[in-house]
*Asks:* 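The structure's right below; bear with me while I get my questions together.
All heavy atoms count here, side chains included; hydrogens, waters and symmetry mates do not.
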Amino acid sequence: MEELTVATAQFEHRSGDKSYNLEIIESLSQKAASQGAKVIAFHECSITGYTFARKLNREQMLGLAEFVPNGPSVERLIQIARRHEITILAGLFEKDKEKRMYKCYVCVDGEGLKARHHKLHPFINPHLSPGSSYTVFDIHGWKCGILICYDNNIIENVRATSLLGADVIFMPHVTMCTPSSRPGAGFVDPILWDNRHKDPTSLRIEFDGMKGRQWLMKWLPARAYDNAIYAVFSNPIGMDDDQLKNGCSMVIDPFGDIITECRKLDDDFALATLNPEKLKQAGGFRYKNARRPELYRDILGREHVPVQKVAWLSNQKNN
């Protein structure tokens, strides 16, 4: 493998406005490519918008979702990738001919669809089906995986994707700044976003504190460190329906160190060069080689009924 320059992006999407969101995706892709990026990653549901989907019934969701790869949004994404000679990863809601729906994240280049991943742990709308497999594929000689938002909170998913050969895991999110049982969690007042140019300090305190980045730093670097992978984290900034998101899209190397991060209070991207030597220099490479599966194979394989509760959705009603 050779070094690979990757961009991770953040932007304020518009709910349900695919045309606008794709325009922003093209603008950021063009700028990243002009600065040497071979790949750019956007956040979960960056094409369609995300949190507003909690309010949609089945027919509305079917109207929003598209076929993949033959739907108009993925076809447009391929055109953007071809025009700017860059590989693009972005998210949307997918439907199939049987009217099943998925939270989907795609990777495309100028030749077409390279990979897609269905979120293993969807929750934003009850009409979404969970994915049933891991995703590992090739980008410019690098083995890559995809895990969407909540997928990354279950540590077995990251380890499994790594054991399947992924050197890079793209981790698109719409996260942070929501209530939970965790101390310090909660929504951030949208007024702070509206006033960000006059008073960036108050907004940055909220974004960087326990409601946002400090929580992320409790676990995200560990996913990269323990598995000796590059973690490419992407997250929106600004208003997502009625919730404010804090961006801080970043790339973390196999040592668990942040090597690039978006810090603007605006649409932005950050570039990182991935170095293959780090994959074997990092401690996680040694730790994976030292595993003794006979000790925990039966433990990990025990029957278990999954329970998934999202605190800020507990009082929401879906049709």
Side-chain angles (χ1 to χ4, degrees), residues 5-15 17-18 20-37 39-52 77 80 84 86-92 103 105-107 146-150 152 168-178 187-188 190 192-194 196-197 200 203-209 211-217 220-221 224 230-252 258-272:
T5 301
V6 173
T8 182
Q10 63 181 34
F11 74 93
E12 185 178 28
H13 61 243
R14 293 180 182 174
S15 299
D17 193 341
K18 300 175 189 176
Y20 172 83
N21 296 333
L22 284 163
E23 286 178 8
I24 300 300
I25 286 171
E26 174 154 26
S27 175
L28 292 173
S29 297
Q30 185 275 325
K31 291 175 183 176
S34 71
Q35 294 182 31
V39 184
I40 186 168
F42 295 92
H43 59 267
E44 176 184 18
C45 285
S46 46
I47 294 172
T48 54
Y50 179 66
T51 299
F52 82 111
L77 208 63
I80 294 170
H84 302 294
I86 189 170
T87 299
I88 302 174
L89 296 99
L92 73 164
K103 177 75 64 58
Y105 196 70
V106 299
C107 176
I146 297 169
L147 291 169
I148 302 173
C149 201
Y150 205 98
N152 293 282
V168 182
I169 300 182
F170 291 93
M171 300 179 175
H173 280 65
V174 177
T175 195
M176 296 181 277
C177 304
T178 52
F187 291 121
V188 175
L192 295 178
W193 178 253
D194 295 337
R196 67 191 182 278
H197 298 302
L203 181 60
R204 183 61 70 193
I205 289 170
E206 290 280 77
F207 276 2
D208 285 354
K211 292 180 180 180
R213 190 178 184 275
Q214 282 187 29
W215 167 75
L216 193 69
M217 292 298 97
L220 184 61
Y230 281 94
V232 182
F233 170 84
S234 304
N235 192 50
I237 194 166
M239 295 306 300
D240 168 39
D241 193 40
D242 57 354
Q243 297 181 14
L244 182 55
K245 296 302 171 190
N246 65 325
C248 69
S249 295
M250 62 179 68
V251 178
I252 300 177
I258 299 169
I259 54 175
T260 193
E261 180 180 359
C262 296
R263 294 298 292 166
K264 290 182 181 178
L265 298 174
D266 203 348
D267 298 353
D268 194 17
F269 64 88
L271 297 174

*Asks:* For residues Arg213 and Asn246, report the shortest heavy-atom separation together with the two atoms involved.
*Replies:* N-ND2, 3.7 Å

*Asks:* For the CZ atom of Phe52 and the CG atom of Asp17, what is their distance to the nearest 0.5 Å?
*Replies:* 10.0 Å

*Asks:* Measuring from Phe207:CZ to Cys177:SG, what's the distance to the nearest 0.5 Å?
*Replies:* 5.5 Å

*Asks:* Output all residues satisfying ring-ring contact (aromatic ring centres under 6.0 Å, His included) with Tyr50, sequence neighbours left out; order by chain, then residue number.
*Replies:* none

*Asks:* Flag the pair Glu26 / His84 as yes when at least one side-chain heavy-atom distance between them is below 4.5 Å, and no otherwise.
*Replies:* yes

*Asks:* Has Arg196 got a side-chain atom pairing as donor or acceptor with Leu265's backbone, closer than 3.5 angstrom?
*Replies:* yes

*Asks:* Any heavy-atom pair between the side chains of Leu203 and Val188 that's under 4.5 Å?
*Replies:* yes

*Asks:* For the atom pair NE2 (His173) and SG (Cys248), what is the distance rounded to the nearest 0.5 Å?
*Replies:* 10.0 Å

*Asks:* If you look at every heavy atom in Ile259 and Ala272, which pair is closest and at what distance?
*Replies:* CD1-CB, 3.8 Å

*Asks:* Would you check if the side chain of Thr260 reaches a backbone N or O of Leu271 as a donor-acceptor pair within less than 3.5 Å?
*Replies:* yes

*Asks:* Do Ser15 and Asp241 pair up side chain to side chain, a donor and an acceptor below 3.5 Å, judged on atom types alone?
*Replies:* no

*Asks:* How close do Ser249 and Ala9 get, heavy atom to heavy atom, and via which atoms?
*Replies:* OG-O, 2.8 Å

*Asks:* Minimum heavy-atom separation for Asn152 and Leu147, please, with both atom names.
*Replies:* ND2-O, 2.9 Å

*Asks:* Can you name the nearest heavy-atom pair linking Phe233 to Thr8, along with the distance?
*Replies:* O-OG1, 2.8 Å

*Asks:* Hey, what do you get for OG (Ser27) to CG (Leu22), rounding to the nearest 0.5 Å?
*Replies:* 12.5 Å

*Asks:* Determine, for Arg263 against Asp208, whether the closest basic-nitrogen to carboxylate-oxygen distance falls under 4.0 angstrom.
*Replies:* yes

*Asks:* Kindly list each side-chain donor-acceptor pair under 3.5 angstrom involving residues 40-49, sequence neighbours excluded, with atom names and distances?
*Replies:*
from: His43; atom 1: NE2; to: His13; atom 2: ND1; distance (Å): 2.8
from: Glu44; atom 1: OE1; to: Val174; atom 2: N; distance (Å): 3.1
from: Glu44; atom 1: OE2; to: Lys103; atom 2: NZ; distance (Å): 2.8
from: Glu44; atom 1: OE2; to: Lys119; atom 2: NZ; distance (Å): 2.8
from: Ser46; atom 1: OG; to: His43; atom 2: O; distance (Å): 2.9
from: Ser46; atom 1: OG; to: Gly91; atom 2: N; distance (Å): 3.2

*Asks:* Do Leu92 and Lys18 make a side-chain contact, defined as non-hydrogen atoms from C-beta onward lying under 4.5 Å apart?
*Replies:* no

*Asks:* Taking atom CD1 of Ile252 and atom CG of Leu216, what is their separation to the nearest 0.5 Å?
*Replies:* 6.5 Å

*Asks:* If only atom types and distance count, is the side chain of Gln243 paired as donor or acceptor with the main-chain N or O of Phe187 below 3.5 Å?
*Replies:* no

*Asks:* Give the minimum heavy-atom separation between Lys264 and Ile237, together with the two atoms involved.
*Replies:* O-CD1, 3.4 Å

*Asks:* Using the side-chain hydrogen bond (donor to acceptor under 3.5 Å, both in side chains) criterion, which residues pair with Trp193? Sequence neighbours excluded.
*Replies:* Glu12

*Asks:* To the nearest 0.5 angstrom, please state how far the CD1 atom of Ile148 sits from the OH atom of Tyr105.
*Replies:* 8.0 Å

